[in-house]
Amino acid sequence: GEERPPFDQEEDGRDATAIVEEDDPDDMETPSPSIRRKRYHKRRAFVCLASSILLAFFVYSTIVRYNDYKVRWLVYYGLQAAIPAIFLVRYGVCCCATTLRSSLERLLLTLSAAMLVWSFVYIIWISHDLKKLDNDADDNIGTTEDLILELAGVLLGLLSASYHSILICYLQRINDEEAIY
């Protein structure tokens, strides 16, 4: 047969018992394209899932508010639903022309900024209404609960507008650095 190297040597003659030093982060290779693609798709799926959940919440809230006949809430929740919808069109399914992508991004940032301001106005308004309520009267319990639910919806709207505007700025920066999309 074939001659094998001694147990303390590799086939290329290196010492197999030598102490292996820890990897230096500066010497580490960049991940292979397939690994990068998998990571990218996992992140994209998570981001799209979060946006889909927010979209579903705002569509549901719009439907529930439709029964209340309060136009301001219909418009508010409708525009809040538009933010994740536009985001999903842009980053979830859109592989379209650069001008359309940048137009969607500008629209999303503008709408997010407007909804951030609107959310702050509603937070102040609802907080003022909550202070005015007389908590001792039994007939105000429903009103207090409604105001608290409205405040929770507005806070979620504030979170959604902030999340999507920060995320789109981050993705634009990544896009500029790596040209992923």
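Predicted model only: the values in this text are computed from it and were never measured.
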Q80 and S119: CA distance, side-chain angles, deciding distance, side chain to side chain contact (heavy atoms under 4.5 Å, CB included) verdict: CA-CA 10 Å; Q80 284 290 1; S119 295; 3.5 Å; yes
Distance-only donor-acceptor check, side chains T62 and Y76, under 3.5 Å: no
Separation between CG of L107 and CD1 of I86, rounded to the nearest 0.5 Å: 4.0 Å
Residues A161 and M115: closest non-hydrogen pair is CB-CB, 4.3 Å
State, yes or no, whether a side-chain contact exists between L104 and F87 at a heavy-atom distance under 4.5 Å. no
How far does CG of L49 sit from CG of L54, to the nearest 0.5 angstrom? 10.0 Å
Are the side chain of H164 and the backbone of S160 linked by a donor-acceptor contact shorter than 3.5 Å? yes
Roughly how far apart are L79 CG and L74 CG, rounded to 0.5 Å? 11.0 Å
Check S162 against S165 and note the closest heavy-atom contact, atom names and distance. O-OG, 3.0 Å
State plainly whether one hydrophobic cluster holds both W125 and L149, where clusters connect Ile, Leu, Val, Met, Phe, Trp and Tyr through side-chain heavy atoms under 4.5 angstrom apart. no
Where is the tightest heavy-atom contact between Y91 and C48, given as atom of each residue plus distance? O-SG, 4.4 Å
With a 6.0 Å cut-off on ring centres, are W73 and Y122 close enough? yes
Do F57 and V75 share a hydrophobic cluster, counting only Ile, Leu, Val, Met, Phe, Trp and Tyr and linking them when any side-chain heavy atoms are less than 4.5 Å apart? yes
S112 side chain vs L108 backbone, donor-acceptor pair below 3.5 Å: yes
Applying the 4.5 Å side-chain criterion to the ILVMFWY set and letting contacts propagate, would Y60 and I53 be lumped into a single cluster? no
In terms of hydrophobic clustering (I, L, V, M, F, W, Y; side-chain heavy atoms under 4.5 Å; direct or indirect links), are F120 and V154 co-clustered? yes
I need the minimum non-hydrogen distance between L147 and I126, along with the two atoms involved. O-CG2, 3.5 Å
Please check if Y170 and I83 belong to a single hydrophobic cluster, counting links between Ile, Leu, Val, Met, Phe, Trp and Tyr side chain heavy atoms closer than 4.5 Å. yes
OG1 (T144) and CG (D129) are apart, to the nearest 0.5 Å, by 10.5 Å
What is the distance from atom CD1 of I123 to atom CG of L158, rounded to the nearest 0.5 Å? 5.0 Å
Quick check: closest heavy atoms across E150 and Y77, and the distance to 0.1 Å? O-OH, 4.2 Å
What pair of heavy atoms forms the shortest contact from L109 to C169, and how long is it? CD2-SG, 4.0 Å
